[in-house]
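Counting from 1, the numbers follow the sequence of the chain as shown. First listed ligand is number 1; within each ligand, the first listed atom is number 1.
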Amino acid sequence: MSVERTLSIIKPDATKRNLTGLINAKIENAGLKIIAQKRLQLTRSMAETFYEIHKERPFFNDLVDFMISGAVVVQVLEGDNAVKLNRDVMGSTNPDDAEEGTIRKEFAESIEANSVHGSDSLENAQNEISFFFANIELVN
Ligand code: GDP
């Protein structure tokens, strides 16, 4: 097993319902360490750049509108196989398909307002972490 870092975002549907602590508990109970965290209001330009990979998809504009509809909490998680482990803790994109006990099964409102983002590969994790954090902000 190798120690990895991954980017997590608690999305506006969850920050609006005061779920940051409950979501963090699920992350920590899974053995992931939150080594950086901040609450931000994304601008449209930040959200468009972050989700650039999805810009040809039909839901892109709705996704950007949703991601700027309230505060987000961006965080860096560290642990053994953190990228995959966090994806497991999150559950499937569509909460109807998510496993019992996952964040999305328990908290997500819809396929769009699905409470959390998590990097889907180590390479994307590195890029996404550097989008939001400087190295000195990552404290093990
Ligand atoms: P993820 O890696 O599980 O977050 O899923 P994707 O990378 O496929 O999609 C990114 C985000 O776009 C999701 O987390 C949702 O917030 C949103 N999304 C994905 N599929 C749909 C869709 O069919 N409709 C809408 N409105 N939003 C979607």
(Q) What protein heavy atom lies closest to atom 10 (C) of ligand 1? Include the residue and the distance to one decimal. (A) His54 NE2, 3.5 Å
Q) Do side-chain atoms of Gln75 reach the backbone of Ile34 as a donor and acceptor pair under 3.5 angstrom? A) no
Q. Are the side chain of Arg5 and the backbone of Ala125 linked by a donor-acceptor contact shorter than 3.5 Å?
A. no
Q: Heavy-atom contacts with Asn114 under 4.0 Å: which atoms of ligand 1 show up? List them by number with element.
A: 13 (C), 14 (O), 15 (C), 16 (O)
Q | Sub-4.0 Å atoms of ligand 1 with respect to non-hydrogen atoms of Arg104 | A | 1 (P), 3 (O), 4 (O), 14 (O)
Q) In terms of residue, atom name and distance, what is the protein heavy atom nearest to atom 5 (O) of ligand 1? A) Thr93 OG1, 3.3 Å
**Q.** Proximity winner for atom 25 (C) of ligand 1, if only heavy atoms of Phe66, Tyr51, Phe59 are counted
**A.** Phe59
Q) Val76 versus Glu78: any side-chain heavy-atom pair under 4.5 Å? A) no
Q | Asp62 N/O under 3.5 Å from ligand 1 N/O | A | no
Q: Give the numbers and elements of all ligand 1 atoms closer than 4.0 Å to a heavy atom of Lys11.
A: 13 (C), 14 (O), 15 (C), 16 (O)
Q) Which residue owns the protein heavy atom closest to atom 16 (O) of ligand 1, what's the atom, and how far is it? A) Glu112 O, 2.8 Å
Q) So, is the end of the Lys38 side chain (NZ or CZ) under 6.0 Å from the ring centre of Phe133 and within 45° of the ring's axis? A) yes
Q: For a side-chain hydrogen bond (donor to acceptor under 3.5 Å, both in side chains) with Lys84, tell me which candidate from Asn81, Asp80, Asp88, Asn86 qualifies.
A: Asp88
Q: Using a 4.0 Å heavy-atom cut-off, say whether Asn94 meets ligand 1 through its side chain, its backbone, both or neither.
A: neither
Q) What protein heavy atom is closest to atom 15 (C) of ligand 1, reported as residue, atom name and distance in Å? A) Ile111 O, 3.2 Å
**Q.** Expected output: side-chain Ser119 to main-chain Leu7 donor-acceptor under 3.5 Å
**A.** yes
Q) Is Leu63 near ligand 1, meaning one of its heavy atoms is under 4.0 Å from it? A) yes
Q. Just heavy atoms, cut-off under 4.0 Å: does His117 contact ligand 1 by side chain, backbone, both, or neither?
A. neither
Q.
Heavy-atom contact check, 4.0 Å cutoff: does Arg57 meet ligand 1?
A. yes
Q: Could you please spell out the steps behind the side-chain contact (heavy atoms from CB on, under 4.5 Å) verdict for Glu48 and Thr43?
A: CA-CA 9 Å; Glu48 284 175 353; Thr43 64; over 6 Å; no
**Q.** N/O donor-acceptor pair under 3.5 Å between Arg17 side chain and Asp13 backbone
**A.** yes
(Q) For the aromatic rings, using the six-membered ring if either is Trp, is the centroid distance between Phe60 and Tyr51 under 6.0 Å? (A) no
Q: Within a distance under 4.0 Å of any heavy atom of Arg87, pick out the atoms of ligand 1 and give their elements.
A: 1 (P), 2 (O), 3 (O)
